[in-house]
There are 2 protein chains.
Amino acid sequence: MGVSIGKPRVTITDTENREKSKETFRDYLNREGLRVTNQRLAIFDAAFRHPEHFTAEELLDQARAIDHSVSRATVYRTLPILTESGLVKEIDIGRDYKFYLASKGDKTEQAQVLCLDCDHIFEIDAPFMEWYAGSVSQKVGLEPEAIRLQVHSRCTRLRRNHQCEHYSARQG
Amino acid sequence: MGVSIGKPRVTITDTENREKSKETFRDYLNREGLRVTNQRLAIFDAAFRHPEHFTAEELLDQARAIDHSVSRATVYRTLPILTESGLVKEIDIGRDYKFYLASKGDKTEQAQVLCLDCDHIFEIDAPFMEWYAGSVSQKVGLEPEAIRLQVHSRCTRLRRNHQCEHYSARQG
DNA sequence: ATAACTGCAAACTGTTTGCAAGCGA
DNA sequence: TCGCTTGCAAACAGTTTGCAGTTAT
């Protein structure tokens, strides 16, 4: 897999993934009778160049850097297409805005660990979650369809050293 | 425990719980130098008379039935007091409004199973969750502080019979 | 050609806040 | 009395939507 937890590597597989995903995107648009527009492609590219989680507003900025004509409305109208095609994952961590993440072709369910100190979101493979959700659902006679496990945490390193790589990154 | 999963019973313990909790509320207000007002008490009562999850708007309605003078602003200003005192649990399931639930003195962590068909929220004891969150957090060197496990599910009964008790209840 | 798509700005929704009046300690 | 609390209405933030013009197919 192109990405390990400790040190996200930008390898050739990220570019490959982007190209393959763009093809998927085109196919999806055609299949749904939707048009392939410059704006949609710019938004797609912006999303897949983001190595981490991004907000709608950040996506707008990046997309505009690619195609100046992209508007906020189009970003908001395109995001559902991207999520429904499975290319982008929508992540709601209980803030008043949502986060998004370009899919890296993850097979397993993932949990989010949210650092309350540096605001970083870690995506963690959590294969066990699926089984657990099933067993918990069964208790009330339901069939699981989507799972969401989020752990809000504190960064011990940051508290001790008043610094950690993600915190520093955010502050610029 | 006063409540089991399959059939929530309204027993004497619910009333007892409310009275005990109201004392806790008064104590909390005093300790924090906050005033015991009619509006705050009405909002407290409204919350603890709700047997299930409720929204801020529903709480406002119920509180107004007790004290007509309660305003929306006061409800929104009182909810943080109730959650910070631990008497009411705030639940964010990714809708554009939050849910709240009067605490029944639950000790263990609870997961939510959300029925996408009838909109019902089941609270399920999930003692295992805590351990799991810890192990997942540790992977990235963080210390868990709060956990959130939500399973979005489909009601098999409803799909088969086009009916289930919670769905019927919602439709009135 | 024509229906899908776009940008703009206004609308929307749940929640928060500034202010002057009210009221608990 | 004092200042915490209140109701009101306006503000707020992220997102959605109506519309008239644009563009992919």
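All figures in this text were calculated on a predicted structure; none of them were measured in a lab. Every chain is numbered from 1 and lettered A, B, ... according to where its sequence line falls, protein lines coming before strand lines.
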For the pair made of CG in B/Leu41 and P in D/dT5, what is the distance, rounded to whole Å?
13 Å

Find the distance A/Glu57:CD to D/dG14:P and express it as a whole number of Å.
7 Å

NE2 of A/His68 versus P of C/dT6: gap in Å, rounded?
17 Å

For A/Arg40, answer base if it contacts any base atom (sugar-phosphate contacts may also be present), sugar-phosphate if it contacts only those atoms, and nothing otherwise; contact means non-hydrogen atoms under 4.0 Å.
sugar-phosphate

Candidate nucleotides C/dT15, C/dT17, C/dC5, ranked by approach to the side chain of B/Ala73 - the nearest
C/dT17

Taking the six-membered ring for Trp and the single ring otherwise, decide whether the centroids of B/Phe25 and B/Phe48 are under 6.0 Å apart.
no

Is any side-chain N or O of B/Thr37 closer than 4.0 Å to OP1 or OP2 of C/dC23?
no

D/dA13 P sits how many Å from A/Tyr76 OH, rounded?
13 Å

For C/dA4, does the base pair up with any side-chain atom of A/Arg35 as donor and acceptor (N or O, under 3.5 Å, distance only)?
yes

Rounded to whole Å, the CG-P distance (A/Leu29 to C/dA4) equals 14 Å

What is the separation between atom CZ on A/Arg77 and atom C1' on C/dA9, rounded to the nearest whole Å?
12 Å

Once you measure the plane-to-plane angle for A/Phe99 and A/His53, does it fall in the parallel (<30°), tilted (30-60°) or perpendicular (>60°) bin?
perpendicular

Flag the pair A/Asp14 and A/Lys104 as a salt bridge only when some basic side-chain nitrogen lies within less than 4.0 angstrom of an acidic carboxylate oxygen.
no

What's the CD1-C1' distance between B/Ile93 and C/dG14, to the nearest Å?
15 Å

Pair A/His120 and A/Phe122, ring centroids less than 6.0 Å apart
yes

D/dA11 C1' sits how many Å from B/Arg72 CZ, rounded?
15 Å

